[in-house]
Amino acid sequence: MAVSLYQIAIDCHDAAALARFWSRVLDWQILYEDPEEIVIGAGPSALPGIVFLTVPETKTVKNRLHIDLTPDDQAAEVERIIALGARRAEVGQGDDATWVVLADPEGNEFCVLRPKKTLLD
């Protein structure tokens with residue numbers, strides 16, 4: 001039996017704002033939108049996508065699952081994403097970390113890694 005990653009679901013308070021933030025970060029488009037959920041992706045047939053779901057609960061602890069981004073230029077990308085509304089986050093990564101931890105506008109942590117070409121870099 002084959003299986004593929006379809007989409008990542010992110011619970012949030014303001015699905016529209018968070019979807020637009022991540023669309024700008026990833027240079028993706030909004031593919032579907034209603035008051036309770038918004039789907040973004042590189043295109044309608046490009047899997048996986050991300051769905052933002054409106055929920056009443058607030059984020060209370062560090063994420064157990066997070067997104068890792070690998071840009072061509074880590075420092076430039078960190079500054080670009082901060083300008084879009086992210087902030088630096090401290091999760092115990094230490095001063096010698098080769099990645100930068102940021103939080104999106106609702107506080108969900110994610111990492112901007114050094115440039116990588118394969119999953120084994």
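None of these values were measured; they are calculated from a predicted model.
- Distance check, rounded to the nearest 0.5 Å: CD of Gln74 to CG of Leu69 gives 10.5 Å.
- Residues Leu18 and Ile30 fall within the same hydrophobic cluster, defined by Ile, Leu, Val, Met, Phe, Trp and Tyr side chains chained together at heavy-atom separations under 4.5 Å.
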Determine, step by step, whether Ile50 and Leu26 satisfy the side chain to side chain contact (heavy atoms under 4.5 Å, CB included) criterion, reporting the C-alpha distance in whole Å, the side-chain angles of both residues, the deciding distance to 0.1 Å, and the verdict. CA-CA 11 Å; Ile50 301 175; Leu26 298 170; 3.9 Å; yes
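- Contact record, Phe52 with Cys12: CB-SG, 4.0 Å, taken as the closest heavy-atom pair.
- Closest heavy-atom contact between Asp72 and Pro115: O-CG, 3.3 Å.
- In the hydrophobic clustering of this structure, Leu113 does not group with Leu102; members are Ile, Leu, Val, Met, Phe, Trp, Tyr whose side-chain heavy atoms approach within less than 4.5 Å, directly or through other members.
- At a threshold of 4.5 Å between side-chain heavy atoms, the hydrophobic network of Ile, Leu, Val, Met, Phe, Trp and Tyr places Ile10 and Leu84 in one connected group.
- Under a 3.5 Å cut-off, the side chain of Lys116 and the backbone N or O of Thr70 do not form any donor-acceptor pair.
- If you take NE2 on His66 and CD1 on Ile8, they are separated by 11.0 Å, rounding to the nearest 0.5 Å.
- Within the model, atoms CD of Glu33 and CD1 of Ile38 stand 4.0 Å from one another, a figure rounded to the nearest 0.5 Å.
- Judged by distance alone, the side chain of Glu79 and the main-chain N or O of Glu77 form no donor-acceptor pair under 3.5 Å.
- In terms of modelled atom types and a separation under 3.5 Å, the side chain of Arg20 and the main chain of Ala16 share a donor-acceptor contact.
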Could you go through Gln29 and Ile40, starting from their C-alpha distance and side-chain angles, then the distance that decides it, and tell me whether this counts as side chain to side chain contact (heavy atoms under 4.5 Å, CB included)? CA-CA 6 Å; Gln29 54 192 295; Ile40 68 169; over 6 Å; no
Check step by step if salt bridge (Lys or Arg N to Asp or Glu O under 4.0 Å) holds for Glu90 and Lys62. CA-CA 10 Å; Glu90 175 61 47; Lys62 177 180 164 280; over 6 Å; no
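- A salt bridge links Lys59 with Glu109: at least one charged nitrogen is closer than 4.0 Å to a carboxylate oxygen.
- The number of heavy atoms from other shown groups lying within 6.0 Å of CG (Asp27) does not exceed 12.
- Between His13 and Val55, the shortest heavy-atom distance links the atoms ND1-O, 3.5 Å.
- Thr54 approaches Pro35 most closely through the heavy-atom pair OG1-O, 3.5 Å.
- Taking hydrophobic clusters as Ile, Leu, Val, Met, Phe, Trp and Tyr residues chained together by side-chain heavy-atom distances below 4.5 Å, Val39 does not share a cluster with Phe21.
- Under 4.0 Å is where a charged nitrogen must lie from a carboxylate oxygen, and between Glu106 and Arg87 no such pair does.
- A distance of 5.5 Å separates CG of Asp11 from CG of Leu53, quoted to the nearest 0.5 Å.
- If you chain together hydrophobic residues whose side chains sit under 4.5 Å apart, Ile67 and Ile81 fall into the same group.
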Are Leu5 and Leu47 close enough, and set up right, to give a side chain to side chain contact (heavy atoms under 4.5 Å, CB included), and what steps lead you there? CA-CA 7 Å; Leu5 180 58; Leu47 301 179; over 6 Å; no
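- In this structure, Thr118 contributes its side chain and Leu120 its backbone to a donor-acceptor pair below 3.5 Å.
- Distance alone, capped at 3.5 Å, places no donor-acceptor pair between the Asn108 side chain and the Asp104 backbone.
- Remark: aromatic rings of Phe110 and Trp99 are distant, center separation not under 6.0 Å.
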